[in-house]
Amino acid sequence: MNLDDLILQFQKKDKTAFEKLYNMYAENICGVINTIIKDVERSQELCHDVFIKIWDKSDNYDASKGRFFTWILNIARNTAIDELRSKTHKNQKKNLPVHSFVGIYENSEDLNDKIDTIGLQSLLKGLKNKCILLIDLLYFKGYTQKEVSKELKTPIGTIKTRLRSCISELRKNTRL
Amino acid sequence: MDIEKYIASGILELYIAGALSPEENLEVQHYAIQYPEIQKEIEAIEAAMLQLTKTVSPGLPADGFKRLKPELDDVLPFLPTASEKKTPWSSYLGWAASLLLAVGLLWVYLENNNLKSEIEITNQEKQSLEEILSDVRDEVADKETLLQALRDKNVTVIDLGGQTISPRSYAKAYWNKEEENVIIDAQGLPEPPHGYAYQVWSLKLDPLTPISIGLLEDFVTDNNKLFTLPNPNETEAFGITLEPEGGSNTPNLEQLYTLGAVGP
């Protein structure tokens, strides 16, 4: 069964299809959440909640609006950011963290061993900080192209070509 | 369309990130269907991002999908139940019953209002009858008083006969010497013309000396035509003349209507 059919079955509330999608994307979703909230246990709880949301809102997914992965990525990011905001609200001295997803292993001695720091390092090998920042803002923090352009004070055209070369670099590393 | 250039623009990377506008998303999807190279490129970018995001995973929640599965809502198809089929009949019955009750209540309310206004009317009638009764009682009492006055042993009754000007007129005087008053019964006198009134005189006959004892005031409106006048005089005869309104000092004997002498 190809991805499109799987998604169709899932939208018909087929639990088997949903289980397949879970197995395909759960690690990615949990990973994205953890890079934002930096709390393994809470990330796993939220990851669970995100999949419940995905199931409940299955009717909302529309292929014309983008990839399925993009859709669930967006739900995960929003859930994690909401969590962060409500936490920040409770303890207002803490600001939203500015670390990129790379920070997840830079100061993670007390975290568990499950994070594939070696895999991450090999994927990011040769990527400039500019690239890591760009990938972080667009994929892990959910910025729109306009927001990134404003944040980095760089024209959208430049952002796009830079992103293209950064992802090409990343893709070279994936083939290693 | 230059596919290479389109791919190189970086728009597909933004597409995977979800950073495009809805219009741009539609455009990318449209080209992806049209050009397999674009679809392939999209999938490659997504694969790279999947690999990247997977490396930062802290691991799946305990029991993963096993724990998730029981929490997924089952979509229950809508099936009307047997009790729901019965609903219209019992609901119509209910509506009918409540309509009947409403009509009944309205009728009771209106009936109650009718009875209230009937009671009101009856009360008013009762009150006016009581007033009439009270008037009648007063009248009876007045008449009894009058009768008693006329029957008093000290009363002398004098017949006043009609005179030249009005031979058919007559009157009676009930004179109580003790109480020094006289009741004139003027029923036999015609109505005085406008601007005139009857004046009653106490007469001494030798020589003829008239003393006015009063006017028969409001003659026309007085129902029983009985007038009580003071009379302290040693009267030998009573006469009634027609005088201009307000009375005269001396009687106009040409207008003497009735006259009667006090008997011995």
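Within every chain, numbering begins at 1; the chains are lettered A, B, ... in the order of the sequence lines, protein sequences first and strands thereafter.
Both the backbone and the side chain of A:I52 come within contact range of chain B, each with at least one heavy atom under 4.5 Å from a heavy atom of that chain. Contacts between A:I29 and chain B at a heavy-atom distance below 4.5 Å are absent for every atom of the residue. Heavy-atom distances place both the backbone and the side chain of B:I7 under 4.5 Å from chain A. At a 4.5 Å heavy-atom cutoff, the contact between B:I42 and chain A is made by side-chain atoms alone. Contact of A:Y22 with chain B is made through the side chain alone, with heavy-atom distances under 4.5 Å. When heavy atoms are compared at a cutoff of 4.5 Å, A:L170 approaches chain B solely by way of its side chain, counted from C-beta outward. In this structure, chain B has no heavy atom under 4.5 Å from any part of A:N74.
We find that A:E45 and A:R42 are joined by a salt bridge, their nearest charged nitrogen and carboxylate oxygen being less than 4.0 Å apart. Using a cut-off of 4.0 Å between Lys/Arg side-chain N and Asp/Glu carboxylate O, A:R164 and B:E41 are scored as salt-bridged.
Counting heavy-atom pairs under 4.5 Å between each of A:A63, A:G119, A:G142 and chain B puts A:A63 at the top. In terms of heavy-atom pairs under 4.5 angstrom with chain A, the leader among B:P22, B:A44, B:A32, B:G18 is B:A44. With respect to chain B, the highest number of heavy-atom pairs below 4.5 Å among A:A26, A:G31, A:G157, A:C166 belongs to A:G31.
Residues A:S165 and A:R162 come closest through the heavy atom pair OG-O, 3.0 Å. Between B:L216 and B:V200, the closest heavy-atom pair is CD2-CG2, 3.7 Å. Nearest heavy-atom pair, A:I37 versus A:S43, reported as atom, atom and distance to 0.1 Å: CG1-OG, 3.4 Å.
Counted by atom type alone, B:E144 and B:Q148 present zero donor-acceptor pairs between their side chains at under 3.5 Å.
Each of B:Y15, B:Y31, B:Y35 was checked for a ring-ring contact (aromatic ring centres under 6.0 Å, His included) with B:Y6, and the lone residue meeting it is B:Y31.
Counting non-hydrogen atoms of other residues, nucleotides and ligands closer than 6.0 Å to NZ of A:K160 gives a total above 12.
Scanning residues 106-127 of chain B against chain A with a 4.5 Å heavy-atom cutoff picks out nothing at all.
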Problem set entry | ring pair (Phe, Tyr, Trp, His ring centres under 6.0 Å) between A:F10 and A:F68, worked out | CA-CA 11 Å; A:F10 149 74; A:F68 181 75; 5.7 Å; yes

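Here A:F18 and B:F65 bring their ring centres to under 6.0 angstrom of each other.
Shown here are the salt bridge (charged side-chain N to carboxylate O under 4.0 Å, His left out) partners of B:E180, two or more places apart in sequence or in another chain: there are none.
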